[in-house]
Asks: 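Here it is, the structure in full.
The sequence lines fix the lettering, A, B, ..., with proteins before strands; numbering per chain opens at 1.
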Amino acid sequence: MKATLDLRRVGLGLLAPVLAILVAFVVTSTVLLLAGDPVVEVWTQLLTVPRPRLVVAIINGASVYYLSAIAVAIGFRMNLFNIGVDGQYRIAAFAAAVFAGQGWLPGPLNIFVSLLIAVVVGAAWAGIAGWLKVTRGVSEVISTIMLNAIATGLVSFLLFRVADSTAGSNVTNTKTIPASSQVPGFALVPGTPNKIYGFILLAALVGVAYWVILNKTRFGYDLRATGRSETAAVASGVNVKRMVLTAMVLSGAAAGLVGMPLLFGQDYSYGTTFQPGLGFAGIAIALLGRNHPVGIAFGALLWSYLDQQSNGLQITVGVSSELVYIIQGVIVLAVVIAYEVVRRAGLRMEQRRVARQLSEEPGSPTPEGATV
Amino acid sequence: MSTTGLKAGAKAITGAVRKPSLSPARIALIAVIAVFLIAVLRVVTGANDLASSGALAAAIGLAVPIGMAGLGGLWSERAGVVNIGLEGMMILGTWGAGFFGWHYGPWAGLLGAMFCGMVGGAIHALATVVFGVDHIVSGVAINIIGYGTAKYLAARTFTGSPGGGPTQSPQLGKLPSLSIPGVSSGLGSLEKREIFFVSDLAAILRAMVTNLSFVTLIALAMVALTWWVLWHTTFGLRLRSCGESPVAAESLGVNVYKYKFIAVLVSGSLAGLGGGYLALVAANIYRDGQTGGRGYIGLAAMIFGNWRPGGLVGGAALFGYTDAVQLRGGGTTVHAMLLLLAVLTIGIGAWQLLRKHRVIKGVIAISAGVIVAVWYSISETVPDALTGMTPYVATLLVLAFASQRLRMPAADGLPYRKGEGH
Amino acid sequence: MVAPAVELQGITKRFPGVVANKDVTFSVQRGTVHAIVGENGAGKSTLMKILYGVLRADEGTVKVDGQLLALHSPSDAIDAGIGMVFQHFMLADNLTVLENVVLGAEKRHGIGDRARAEIERISADYGLNVHADHLVADLGVGIRQRVEILKVLYRGAKILILDEPTAVLVPQEVDELFDNLRELKSEGLTVIFISHKLDEVLSVADSITVIRRGTTVATVDPKSVTSRQLAELMVGSELPSASTDVSTVTDRPLLAITGLTLAGAGVRDVLHDITLTIHAGEVLGVAGVEGNGQAELVEAIMGMREPTAGRILLADQDISDWHTREIREAGVGYIPEDRHRHALLLDAPLWENTMLGHQTQSPNAKGVWVDAAGAKAGAERILAEYDVRTPSIYVTANSLSGGNQQKLIIGREMSYTPRVLVAAHPTRGVDVGAQAAIWDHIRRARREGLAVLLISADLDELIGLSDTIRVILRGQLSDEFDPDVVTAQDLGAAMTGADQRDPGTVADDLGTRHTEAGPETHGVEEGQ
Amino acid sequence: GSSTDSSTPGASGTTSAAKVIKVGMAYDVGGRGDQSFNDAAAAGLDKAKAELGADTKEATAVNGEAESAREERLSQLIDAGYVNVIAVGFAYAPAVKKVAAANPDVKFALIDSTDAVGPNIENLTFAENEGSFLVGAAAALKSKTGNVGFIGGVNTDLIKKFEAGYTMGAKTVNPAIKVQVKYLTQPPDFSGFGDPAKGKTAAEGMYQQGADVVYAAAGGSGGGVFTAAKAAGKMAIGVDSDQALTAPADVRDVIITSMIKKVDVGTFDFIKSLTEGKFVAGTKVYDLKVDGVGYSTTGGKIDDIKAKLDDFKQQIIDGKIVVPIKP
Ligand SMILES: Nc1ncnc2c1ncn2[C@@H]1O[C@H](COP(=O)(O)OP(=O)(O)OP(=O)(O)O)[C@@H](O)[C@H]1O
Ligand SMILES: Nc1ncnc2c1ncn2[C@@H]1O[C@H](COP(=O)(O)OP(=O)(O)OP(=O)(O)O)[C@@H](O)[C@H]1O
Ligand SMILES: [Mg+2]
Ligand SMILES: [Mg+2]
């Protein structure tokens with residue numbers, strides 16, 4: 001009985017993404033048709049099997065997105081909307097880069113302490129929003145929007161003070177991290193010299209930690225309970241204010257790690273060209289992955305895949321690569337709509353099942369078991 | 001996932017809001033106090049741009065798009081639909097203004113902006129009202145779609161146009177603006193005399209009667225209209241009831257879907273109007289990325305304003321003013337504001353300490369104030385990299401200091417399905 | 001003979017997996033009060049929602065005054081002169097009475113002064129004592145009920161549906177309501193009235209329809225049946241009663257509260273100088289009109305509110321400033337009055353619900369970890385022991401009926417070796433079957449030496465189960481009542497203060513009890 | 001594919017397909033049509049197309065993209081056969097470094113950066129500070145109030161070069177001059193290059209506080225500066241290309257001069273050198289000496305001071321004036 005049902009559940013679970021991708025396909029094609037762009041060519045470009053070097057780029061991009069989305073998801077699980085991951089990861093990456101660049105500590109230790117700094121700085125920056133919410137009741141939606149902008153100014157101000165710039169460079173960077181503290185990548189994909197970030201392990205670790213903390217610890221139970229029903233959580237003994245602060249801080253701590261694969265595996269310094277906007281992508285990906293560590297991994301891969309595959313649109317098809325934003329947005333929307341439709345179907349299924357099983361029981365002919 | 005968020009810490013008004021929390025008299029009083037403070041600050045620091053009609057006119061210009069986005073948010077959230085997609089709708093508005101404005105003239109551009117914003121609203125309405133999707137997800141998606149669509153369409157429609165290109169439209173026609181000649185110059189001479197408070201007041205009035213764009217007037221009219229429609233008409237009552245208790249509304253025969261749908265459409269068109277203002281009034285051109293996150297700021301202004309038109313205007317004005325002042329005066333004016341911050345912080349600290357006997361809080365506030373005061377006295381100006389933060393810091397500080405009596409519509413963000421709520 | 005006011009013929013309504021109504025047929029004569037009774041989930045509300053156009057029947061016809069009606073939405077029903085007061089109030093808290101009343105009926109008298117005048121007029125005509133400009137959030141339950149009735153009258157309804165209007169009212173308020181109903185009846189209105197309280201039904205109804213498992217069993221004349229017969233028609237078994245056996249009260253105090261005070265927003269304290277002691281094996285019942293401080297009392301005991309003054313002793317430990325979690329761990333079980341908001345995670349599986357509030361305790365946790373296997377085993381045991389009807393511990397709490405949800409909560413709270421049980425309205429909205437089971441559990445708790453604080457609006461339940469009864473009025477506790485001698489009427493009088501002052505002023509007092517508190521004063525009401 | 005045979009000397013004209021030079025151009029954010037920096041690069045490309053018969057392919061960066069996206073863009077151009085690649089903007093430096101190393105046969109031009117060097121990379125840099133010196137001097141000479149302004153789009157090292165030259169130029173003419181400086185946004189918020197509303201507000205402030213000339217080194221936000229100048233009846237200075245020709249007609253008359261950065265010349269020269277087989281790796285500085293930067297005279301607004309400016313120009317060329325790159 002249970003096995004068949006689970007199969008059906010899996011089927012339902014797969015139905016949603018398939019439906020979503022189908023909808024995204026149709027909508028995007030329509031846009032292309034309306035705008036008079038070549039539909040077939042666009043899809044051919046987007047759906048070709050990526051070359052090895054692109055595979056590496058997709059995985060690398062996804063690992064960064066993954067961290068960002070996990071950071072957002074921690075808040076979401078508690079109905080906290082941390083729009084501030086963007087500012088948090090930038091300020092954290094800056095702080096870590098400044099420290100790591102000094103090379104005060106030997107290789108791995110330098111990395112470790114730098115990570116710690118990133119985590120602490122990210123957590124502290126998010127903690128401001130948490131603290132304002134808990135003590136002053138400031139909506140975290142506003143405060144994190146404001147803190148993103150403030151982080152931009154602050155980092156810019158400090159960057160020019162610690163910058164290590166060379167003539168003719170035009171890029172303002174922190175000191176380059178010593179070679180001994182750079183994290184080597186993995187040459188996992190044959191056919192390309194490009195390597196997968198060593199810190200993909202960090203992303204995986206964070207994902208596992210997220211899952212374990214949320215699902216296996218008392219703290220995680222409290223956090224999920226608060227997200228599901230704040231009132232019930234309070235009555236069960238959860239200190240909601242402390243939870244808000246802790247969740248915000250944890251979210252910020254995870255956000256602090258977002259820039260680390262880039263910093264230690266690619267850029268080796270923080271500068272004016274350090275990749276921005278990861279926090280916003282993280283929101284969409286967390287929603288796409290339904291705040292589930294595995295779902296987010298798929299979401300991040302899909303996002304990164306589209307990013308990379310769309311890059312060639314201009315060159316091969318002559319279509320503006322911004323098209324990919326339309327596709328990504330439509331996918332997010334289509335996925336949630338499909339999930340909603342499927343969820344309702346599932347709910348109906350479950351209720352029917354409960355009712356049927358109860359009515360099979362002798363002595364209680366009504367589903368409610370009203371007769372005793 | 002519900003989108004209502006946690007209430008922890010938010011000292012929401014749970015009991016009686018019998019009247020609008022701020023009566024017109026109190027609003028006027030607050031305004032006068034604000035002007036007075038600024039006048040004092042201007043005189044003490046000599047940062048004259050704090051209360052120049054130019055700065056105030058610029059403030060109005062910067063506040064209007066934010067205010068329109070916020071007003072859009074207000075319509076939507078009053079009907080119970082959280083709208084984080086304002087930014088995307090605004091971006092669509094800028095493109096609409098560029099496209100229609102270029103082809104059919106600026107007024108058509110304004111309508112085009114509203115129409116394109118409304119298209120964004122329609123998507124949001126479809127997702128949240130018809131399909132019952134989580135409002136935040138839909139909003140986030142619309143921001144992405146709006147961003148991509150505008151860029152894609154701009155590249156498609158403006159490439160090769162005279163003076164335009166894939167990232168910008170051709171120059172757009174100007175919309176008329178309004179000056180009251182005699183009054184304006186009279187106030188101008190009064191402003192120049194630098195009489196304490198009088199000149200400051202004159203500057204404010206002058207900013208309001210000089211070179212005021214018609215679109216600004218339309219925006220103000222929209223605020224008034226919103227207030228009137230939502231709080232004084234049958235339509236508005238029904239719309240608000242959908243945000244407070246859709247099941248109750250439904251049980252009285254109100255077609256909740258309809259009102260939510262309309263509200264989100266209006267929301268989109270207002271955000272689009274904000275985008276249109278940016279393209280047609282503030283710049284006379286469409287440019288990629290022109291909105292620069294103003295949709296989010298608009299959302300913040302709306303929350304800041306407690307989901308009310310008046311409060312929203314206050315939030316947008318605060319942001320517009322501080323942004324204008326930092327953009328115009330840069331370091332020196334912001335430097336002057338440090339003094340105000342120092343005095344206020346020390347004042348609050350002293351009050352905590354002496355009246356409330358909260359030693360730790362008081363001491364922290366006073367020390368913070370002293371640090372700012374020291375910063376003020378040992379520096380001449382605020383570094384440019386930091387002045388840009390002014391509007392954000394100011395908003396955050398005001399929120400942190402002002403007591404939080406925010407109450408969002410009771411059913412804001414909650415999914416609603418017909419016939420399932422009883 | 002004139003056509004009946006309402007005539008339902010062969011109504012069938014299916015929900016996914018449930019047939020809520022099956023071939024329901026009955027008619028209601030004009031100018032009468034017609035009662036509908038039936039167990040929880042029998043389909044009464046569904047039927048009324050069909051009549052009111054909220055739900056659409058799968059089969060069957062509705063006739064009003066002999067006219068066949070096509071009901072697509074409440075507007076159709078309102079146009080046909082039908083008005084409904086829902087089981088759960090349909091009021092928007094943040095709108096005023098005026099706004100709530102005129103909503104959807106703006107065409108009648110606009111939304112301004114004419115409407116206000118009309119509301120005051122109706123209020124005066126029917127003695128409803130409702131004021132147009134009050135904010136609904138400020139109003140007590142009784143007055144909300146009257147606002148709901150006013151809403152219906154304002155629309156000029158000729159047929160009134162009242163779904164369990166008396167569940168939250170005290171006897172005096174019930175009497176007032178019935179007076180109102182008789183008044184309406186005398187003006188030619190037709191009233192359809194649902195209640196679980198059979199005595200009430202017998203006293204006010206002109207005719208009674210019994211519904212069992214979604215279908216009409218019988219329509220009877222109240223003069224010719226007893227409440228016991230009615231109940232048997234409803235359930236097909238004997239009616240349980242709430243009564244205790246021999247006293248098990250010991251002299252060992254388990255919960256002792258002295259001088260507990262909770263400052264309120266305005267001049268008056270929410271709780272003032274509450275002193276009470278509950279001994280092992282004792283059930284202390286607290287009666288009171290909603291909003292007189294019982295909720296706050298419970299929350300103060302549970303550590304969800306910080307008392308302004310006073311001490312709470314659990315056995316001999318002072319728990320006044322403990323946190324909710326510590327209090328729960330120390331052995332205080334808690335059955336909140338609003339199970340959906342305070343006792344359940346509706347979207348979570350049952351096994352996560354059976355550990356809620358005990359997530360730090362064995363077998364649910366090992367150190368900082370959740371012990372899922374232990375928790376699941378515990379859940380299986382609780383569900384079996386407390387007869388919670390469910391196919392598995394993996395279904396969500398949402399998919400249980402209210403009675404089963406409540407049994408789960410009680411099972412949970414009894415399963416972690418509590419010393420004290422705080423039970424607020426443990427049988428509210430639960431049908432007779434589940435009610436009997438819950439009463440049994442409370443009696444067993446008492447036998448096992450627990451101290452039970454029982455708060456209930458059901459005075460018979462209170463009298464039947466308690467060893468001692470106290471009444472709470474405006475945050476203060478009365479003297480003790482002996483359940484063996486006290487009557488529901490006595491309690492009702494004490495609850496409304498009618499034994500001290502003129503009852504006429506009470507409703508007014510309840511209606512505006514927050515108004516003296518200015519807007520400055522909120523925040524305190526958040527459990528900080 | 002091999003790049004060497006396509007860069008055979010004398011491959012001008014469109015005579016034979018084999019001799020057509022294939023050039024890929026990777027733009028910075030904004031791309032062709034930005035009426036500014038990227039457009040200047042595009043102009044050079046168009047010229048090469050017309051005069052040298054180059055076969056070209058273009059692609060544009062996306063805001064906030066990953067480093068790998070830039071690498072991929074360059075690689076895809078190469079994959080598509082465009083074995084001469086021009087990377088527009090300093091953001092491409094790391095990508096060029098990497099892709100150039102992997103494709104030693106491909107010739108690269110990297111504009112505005114010397115961060116990536118290699119045997120197949122030519123770094124095209126511009127002495128924006130020198131050009132800005134001249135317009136700064138022009139501003140000071142034209143100013144009646146002794147108060148001029150500088151508006152930078154985004155606070156980056158590159159734009160600071162503009163500021164440094166401008167300020168020095170102005171101070172050289174009039175040591176007592178007041179130079180108001182404002183950057184619209186801080187990186188990585190690059191909206192300051194595309195927000196005319198902000199540009200307008202900042203310029204209004206400067207004009208109202210006494211400035212009568214404002215230099216807009218702010219990309220698309222410059223349009224707002226010109227609007228403000230027009231409304232205030234004051235003067236403005238354009239940037240990158242001769243904006244008195246490209247700006248909207250109604251504001252052209254406020255633009256007294258523009259600091260011209262001849263990216264078009266740089267890109268054209270690069271392509272030409274390839275066709276002639278004269279590719280030289282390493283940094284090529286486009287400064288005043290080689291006319292790589294300069295100022296425009298369209299509209300005749302600075303005809304009266306042209307002699308003085310040319311004198312300054314000569315002094316810089318002669319090394320008598322050394323213009324700093326940092327303010
Ligand atoms: N929206 C719904 N979806 C699915 N099933 C429903 C829905 N509403 C009611 N039901 C089912 O229909 C049955 C009848 O419910 P209804 O609310 O009419 O009972 P009731 O007689 O009013 O009970 P109570 O005395 O508790 O109010 C319930 O047992 C429930 O299972
Ligand atoms: N809106 C709904 N959608 C789906 N199912 C519902 C809905 N409302 C009720 N149900 C189903 O109806 C059943 C019982 O619901 P209902 O609330 O009527 O129970 P009840 O016994 O009347 O309890 P209560 O006293 O809490 O009303 C449950 O199985 C529930 O899943
Ligand atoms: Mg029910
Ligand atoms: Mg019912």
Side-chain angles (χ1 to χ4, degrees), chain A residues 1-2 5-6 9 134-137 212-243 343-361 363-372, chain C residues 15-18 39-42 213-214 235-237 302-304 323-329 334 336 338 341-348 352 355-360 364-365 367-370 372 387 389-392 395-396 398-404 431-434 436-437 527-528:
Chain A
M1 179 90 202
K2 196 147 190 243
L5 246 154
D6 281 349
R9 266 207 149 142
V134 175
T135 59
R136 305 296 314 159
V212 169
I213 291 177
L214 235 63
N215 293 296
K216 296 288 157 193
T217 66
R218 272 167 37 187
F219 169 79
Y221 179 90
D222 285 353
L223 190 141
R224 284 181 295 126
T226 315
R228 280 184 160 137
S229 167
E230 187 188 351
T231 44
V234 170
S236 84
V238 175
N239 182 341
V240 170
K241 284 192 177 184
R242 196 192 300 156
M243 283 311 282
R343 186 186 71 84
R344 291 216 192 113
L347 193 75
R348 229 168 291 141
M349 224 172 74
E350 164 130 342
Q351 275 176 350
R352 211 170 294 147
R353 180 170 67 100
V354 172
R356 197 179 46 242
Q357 293 197 350
L358 286 175
S359 59
E360 278 163 10
E361 278 176 40
S364 67
T366 63
E368 287 70 37
T371 21
V372 178
Chain C
F15 287 117
V18 182
E39 287 183 289
N40 284 135
R213 272 174 249 152
V235 227
S237 68
M302 293 314 299
M304 290 153 69
H323 190 256
T324 307
R325 173 144 297 163
E326 296 165 307
I327 294 171
R328 276 175 162 273
E329 283 169 352
Y334 176 34
D338 184 340
R341 275 168 53 77
H342 291 119
L344 292 172
L345 303 174
L346 290 169
D347 301 329
E352 289 194 13
M355 62 187 280
L356 185 69
H358 307 274
Q359 54 261 54
T360 56
N364 301 325
V368 300
W369 303 100
V370 165
D387 190 33
R389 305 290 176 88
T390 169
S392 85
V395 304
T396 58
N398 244 333
S399 41
L400 294 190
S401 73
N404 280 313
D431 68 52
V432 277
Q528 319 202 339

Asks: Any donor-acceptor pair under 3.5 Å linking the side chain of A/Thr231 with the backbone of C/His342?
Replies: no

Asks: Start with the C-alpha distance between C/Val368 and A/Phe219, add both sets of side-chain angles, then the distance that settles side-chain contact (heavy atoms from CB on, under 4.5 Å), and finish with yes or no.
Replies: CA-CA 7 Å; C/Val368 300; A/Phe219 169 79; over 6 Å; no

Asks: Quick check on the interface: out of A/Ala225, A/Ala232, A/Ala233, who has the most heavy-atom pairs with chain C under 4.5 Å?
Replies: A/Ala232

Asks: For chain A, which of C/Ala343, C/Gly214, C/Ala348, C/Pro336 has the most heavy-atom pairs under 4.5 Å?
Replies: C/Ala348

Asks: Do C/Arg325 and A/Asp222 meet the salt-bridge criterion of a basic N to acidic O distance under 4.0 Å?
Replies: yes

Asks: Quick check for you: among C/Leu344, C/Thr396, C/Leu345, C/Asp338, which has the greatest number of heavy-atom pairs under 4.5 Å with chain A?
Replies: C/Leu345

Asks: With heavy-atom distances below 4.5 Å as the criterion, would you say the side chains of A/Val238 and C/Gln359 are in contact?
Replies: yes

Asks: Report which part of C/Leu356 has an atom under 4.5 Å of a heavy atom belonging to chain A: side chain, backbone, both, or neither.
Replies: both

Asks: Tell me, side chain or backbone of C/Glu352 under 4.5 Å from chain A's heavy atoms, or both, or neither?
Replies: both

Asks: Sub-3.5 Å donor-acceptor pair from the side chain of C/Arg328 to the main-chain atoms of C/His358, do we have one?
Replies: no

Asks: Look at C/Glu329, C/Met355, C/Glu326 and state which one has the largest set of heavy-atom pairs under 4.5 Å with chain A.
Replies: C/Met355

